[in-house]
Structure formats: C-alpha cells, structure tokens
Amino acid sequence: MTALRRILAVLRKEIWQLRRDRLTFGMVVMIPLIQLLLFGFAINTNLRHIPAVLVDHSQSGLSRALVQMVEATQVVTFTERTVDVDEAERLIAGAKVRAAFIIPEDLYQRAVTSPATGFATPPSTDDVTARPVAQWIVDGSDTVVAGAIRSLRAMPLAELFRKPANRSVPTFEVAFYYNPEQRTVVNIVPGLVGIILTMTMIMFTSAAIVRETERGNTEMLITTPIRPIELMVGKIIPYMVIGFIQVGIILGLGKLVFNVPMQGTLADLFVVTLLFILASLSLGLVISTVAKSQLQAMQMTVFFLLPSILLSGFMFPYEGMPVAAQRIADVLPATHFMVAIRGVVLRDAGLAELSGHLWFLAGFAILGLIVAALRFRKRLD
Amino acid sequence: MSGLAVEASGLTRAFGEKRAVDALDLAVPAGTIFGFLGPNGCGKTTTMRLLTGLLRPSAGAARVLGHALPAEAEALKREIGYMTQTFSLYRDLTVAENLRFTADIHGMNAARRRRRIDDVLARFDLEDLTRQMAGSMSGGQRQRLALAAAVLHEPGLLFLDEPTSAVDPETRRDFWETLFDLSAAGVTIIVSTHFMDEAERCQQIAILDQGRKRADGAPDALMAGLPAQVVQVEGGDLRAAKRAMQGRPSVISVAQIGTRLRVLVDRSENDPVALVREAVTAGAEAHVVRPNLEDVFVVATRHAPGEDAAA
C-alpha cells in the first residue's frame, strides 16, 4: 500500500500548491465562464443583416417594393445608397459593405417576363426573353457571406405584384432533428466543452513535470523511492476534478443562459468526459516530459490546441474536410470527443453507439500515461 | 557493509568531450564524515550524482551501501538521504507540508511519520516554523529544513552537496554540530565543500580538481605529509617580494593573506627561509610555519595545467 500512499502524497501536494495559486484557481472557473458567454453569443453561422449598398437605377415604385421585399428576408440591410456602380464597388473594396444590389432601369420589363413573378408558365432556362430582374455584386472572399446572399438568387417575387405567394409544394421535406430552430449555440456549447478541456487540461499538466524541474524539485524527487507512474497518477487526479468542474460550468450555464438541452443521461456524460479528460491530461504529461521549460510546454500545448479547434469539428464539419485533414483530425482526442459529447448532450446517443470514439479516447489516455511514465527517468542523464 | 560505505574504482563521467569526473577511486569507511574539497566545476556535484544513482557512469564501477550502481540505484534510494546544492523542496509549501510530503513519499506509516517529524522539528529547531512557507525562510532555516527532510527516513548514508555555501559562519558552525551528532549516531556523511575550514572538520577528505582526485586522507595526515615547507613573511614591501619570488623553480606558490605573505617552497630546498629572505626587502620577517589545508590544496592542484596539456 506504499504505492497508494505515495500517490496520495503527490495528490495532496498538488492540491496544497493549487490552493495557493490563486490565479490558476481563478482561471479554472473564469476560463469556461467567460469563453462560454463569449462564444455562445458571438459565434453564429446563420448570417443576418449583412451590410449592403443599394444602386437603384430604376427609381420606381416597383424598385422600392423590391427593396422592401429583399430587406424583409433579413439577409441584408442596405446601409448605403448610391446611383454609381463604381462607387458601389469602391464601398465593397473598402469593406464598408459586403454586397451591392443593382436594380436596372428596365426593372419593370424584366420583372413581368421573370418566372419569379409567376405571370407566365416557367420558361426553360435558355429562353432569352427571361432575364434576371436585378444583380448582386458580392464580396465572395468570405464563402459564408457569399452563401448567404446566394440563397437570395431564386427568391420568389410573386408578392411584387400583390399576387399571393406561390404555395408550391417543396421538392423535399426537410426535418431538422435535435436543433429544430437551427440555433448555432446548441452545437457550440457542447463543442466548447471539448475546446476548453483541451486547453486547460493539456496546459495544466504540460507544465506539471517541467515546473518541478525548473524549480529544482525533480532532483529531490528522483532520489526518493517514488515510481514515475505514481507521480503521474498523483498529478493527474486533481486536474480530473477540475475538468469536471469546468464541464459542469459549461453545460449548466449552457442550459441556463442558452437553453441548450441535455438529452443524454448524466452517467453517459460522466463516462464520455472522464475518458476525454484522461486523454487530455496524459497528453499534457507527455508534453511535460518532452519540454525543457514551461515556455516550451506552452508552445506545444498551442500546437495541439489550434488543430483541436479548427479540425475537430468544433468550428467546421468534419465531413467537409479533405481526407488528409480528416486523418490528422482522427488522431486528436478532441475530434472523437466532439462526436461523443454532442451525441450524448444533443442526441441522447448511448455509449454503445459511441463505442468506437470512446475506445479511442481510453486507448489514448492509457498510451499517454505509459509513455509519460517511461519518459520520466529517475536519472539526470 | 560494515567496512566501506562507498567503494568506487575508475569512476568516470563524461559530458560530451569534457570529463566531469575522471577515473575516480574512492573508499569511504562507514560511519565517517567524508569531504570532497575542490573549486566550483571540479566534479563534486557530478560525483555526488554518480554515487546517488542520478547519473550513470561512462566508465568504472561503484558500490554504495553494498548496492552495485547503476543497476541497483532504486534499492539504494531507499537507504540514502540527499541534500541538493540548491534548495529542492517546495517553496510554496510550508515546513510541515514539506516534511509530510517527504514522509509519505518514503512510505512511512502514520505513527512513524508523526514520531519522525516531531523528532526532526525538535532537533533542527524548526518547531516554531511549521506553518512558515519554505520560500519565505532565511538561508539558514531553509538549510535546516533541507537537512531535516534528508534525514527524515533515517538513512544510513547522507549526501550533502555544498550544504553551507549560502549561510553565515555561525549557522555553518551550528550545522556542523548537527552533522557530528548524526555521525555519532552511526550515519555515514559525504559532504562537498569549497571551504577549507569546513573540509578540516571532515575525518577524511578527497581533493578534487578538474574531475580528478589529487589527494586524499585525513586532513591532519595530509597537512603533515605536505611535500612543501611554508614560509611566512611579514613587513616590508610584500607586493615587490611576491613579484621577486614568483617564477623561482623551488617556489610553488606565493599568496598574500592580509599583511602576510605565505610562500610554499618545495621540500627539496634545504633552507627555505634563506631562499625567501633573498627576495624580500629590508624590514621583513620570514619564518617557517605549520602548513594548513589550503597549502595542501594548492600543492595538490598545482600540476593541473601541465597535465591538462599533456592529455
């Protein structure tokens, strides 16, 4: 039982030190709190009210009605008005607006022949008599902005002539499961658990061993009978608890502030987050045995953090990435956790359905712990 | 292991091209206070780290408390105490917490832990400091804490790497009193130092220079067996006298100490005082005095540059 006693000794020591390190202790709570509120409110992939410039060469009642209809979609807001197309282009180049809406002089002739107004039977696309009623010039460099405006391309214009809206039957019925209102925050909050845990867990432990070396404690530790694995386990446990506190803050506030549902059971949530916390902590320990200084440890943490944010499926869907990027994402614990936590929180997925991801996380954690223990030599050479 | 606590033969450790410890032979009798004397960078710390199993030798072998190194380093670590040169306990823990941690790491049960912690707190005069953070203590207090932690698990062999380099002379004297207490209780103590007065307190010393052992033995025996005579000069123009004597074949070294010159003359010289008198100016007194450990050190390390060039 001396092994257990030594693990407890390290554990107790970490808690003593952590308790005195007020800033770190504060960050445990503040990082998830601030970041959740920040990202929860800030990140929104449903673009609304894109600033645009209106170039109305028609200057008619019809053009004013058209502008009102376009603004009613809430996709754009006309913040500038001009009659000069060159001026409009300059505004786009200067990032004052992201798009220009150009209404030609012959709006009326175009509108009556347009299939969008529903006067005639829809002509075939090569029918030269039908032309678009107006033009959008878009800053296409941001594909999200471009996509939002592209959605206006086939906008029905029946209301323009006070005709009832076309109540045509859609080709496909689309049912949005798990997030029927299509709120971005529903997907962001569980994902944020993964990002914040990646950041804090790896950062805490990556500094753990190297800090002892920097402060000269390692030379004392390695002349005692402690085994490397005991040191590693003792160092991990306090941070595990911290990880769970952070998960509680994020999901609790997510429910309170953003009304993010919690579909799965707490037991499933516990298993999924436990495995991810362990995987992140053991990765941090491996970093800590490689790094020569705390600065190096921090750099290596960022090395893992950025791909975890960008490739894990937190920001962009995994399915949309090229195969090579998917293979890189596959070795990141965050990727597997994103699927698993969103599964549990949003879709009430059971552990069986997520088993592949969970086995990966468990394997990663055990491998990391072994590598860290093997790399931590009780020698100075 | 009644005879020798430490045996080493040809112990060598190289860092790249540099040999920090070079072909070191050692025999430390159990129960003695054994000192490594040498300047900074002479290989004292490396020797300590080799003998505690923290470093593996590049060549040679060592046996410490009967354990062959480096193979049995882990078994050895349970039986030794090591006080590192720089304070290596946790500065952000209190005295009590540091001792508790050390006790637990050595796997002590609750009863033994309490008994031992109470014992070292009393012995090292730390009872009033238990709630004090180690980082906010004075050098002498920190040194006592470090020694308390090193002897907490009652090791039979204690390594102290320059234990008194950061404390005042009075603290140093008190510290040595506790070392003699430990020694009287049967603990073998290996201590490194660059202070001559500290080395003189050891029962055995080894003089290290550039990784090599230049001399070893009891301090008294080393002083008695010095292959040189010491002439002390007082009065007159000491700087001129020093310049006049330096470079003479039989003069080993000339050093000014306060208002005196200390001249080491080779033992082959029949009348060293006459030799010195030739060089000094009028009004100077010269006479032979007893050698001290510093003289031993100077003589023992004087060949170093020449040997280095030959190697």
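Computed from heavy atoms alone, side chains included, the values below leave out hydrogens, waters and symmetry copies. All chains are named by letter (A, B, ...) in the order of the sequence lines, taking the proteins before the strands, and each is independently numbered beginning at 1.
Contacts between residues 198-236 of chain A and chain B, counted as heavy-atom pairs separated by less than 4.5 Å, involve A/E212, A/R215, A/G216, A/N217, A/E219, A/M220, A/L221, A/I222, A/T223, A/T224, A/P225, A/I226. For residues 270-300 of chain A, an interface with chain B (any heavy-atom pair closer than 4.5 Å) does not exist. Using a 4.5 Å heavy-atom cut-off against chain B, the contacting residues of residues 7-21 of chain A are A/A9, A/V10, A/R12, A/K13, A/W16, A/Q17, A/R19, A/R20.
Heavy atoms of B/M133 lying under 4.5 Å from chain A belong exclusively to its side chain. Heavy atoms of B/R56 lying under 4.5 Å from chain A belong to its backbone as well as its side chain. Heavy atoms of B/E74 lying under 4.5 Å from chain A belong exclusively to its side chain. For chain A, the nearby parts of B/N109 are the backbone and the side chain; heavy atoms of each come within less than 4.5 Å.
Per-residue heavy-atom pair counts under 4.5 Å with chain A were compared for B/I80, B/T52, B/T84, B/D104, and the maximum is reached by B/D104. Between chain A and the residues B/L76, B/T102, B/L55, the largest count of heavy-atom pairs under 4.5 Å involves B/L55. Counting heavy-atom pairs closer than 4.5 Å to chain A, the top-ranked of the candidates B/F159, B/F101, B/Y82 is B/F101. When B/M83, B/M108, B/R91 are compared by the number of non-hydrogen pairs under 4.5 Å with chain A, B/M108 comes out ahead.
Counting only distance, with no hydrogens or angles, the side chain of A/R5 and the backbone of B/G107 share a donor-acceptor pair below 3.5 Å.
For B/S192, the side chain to side chain donor-acceptor pair (under 3.5 Å) partners two or more places apart in sequence, or in a different chain, are B/D161.
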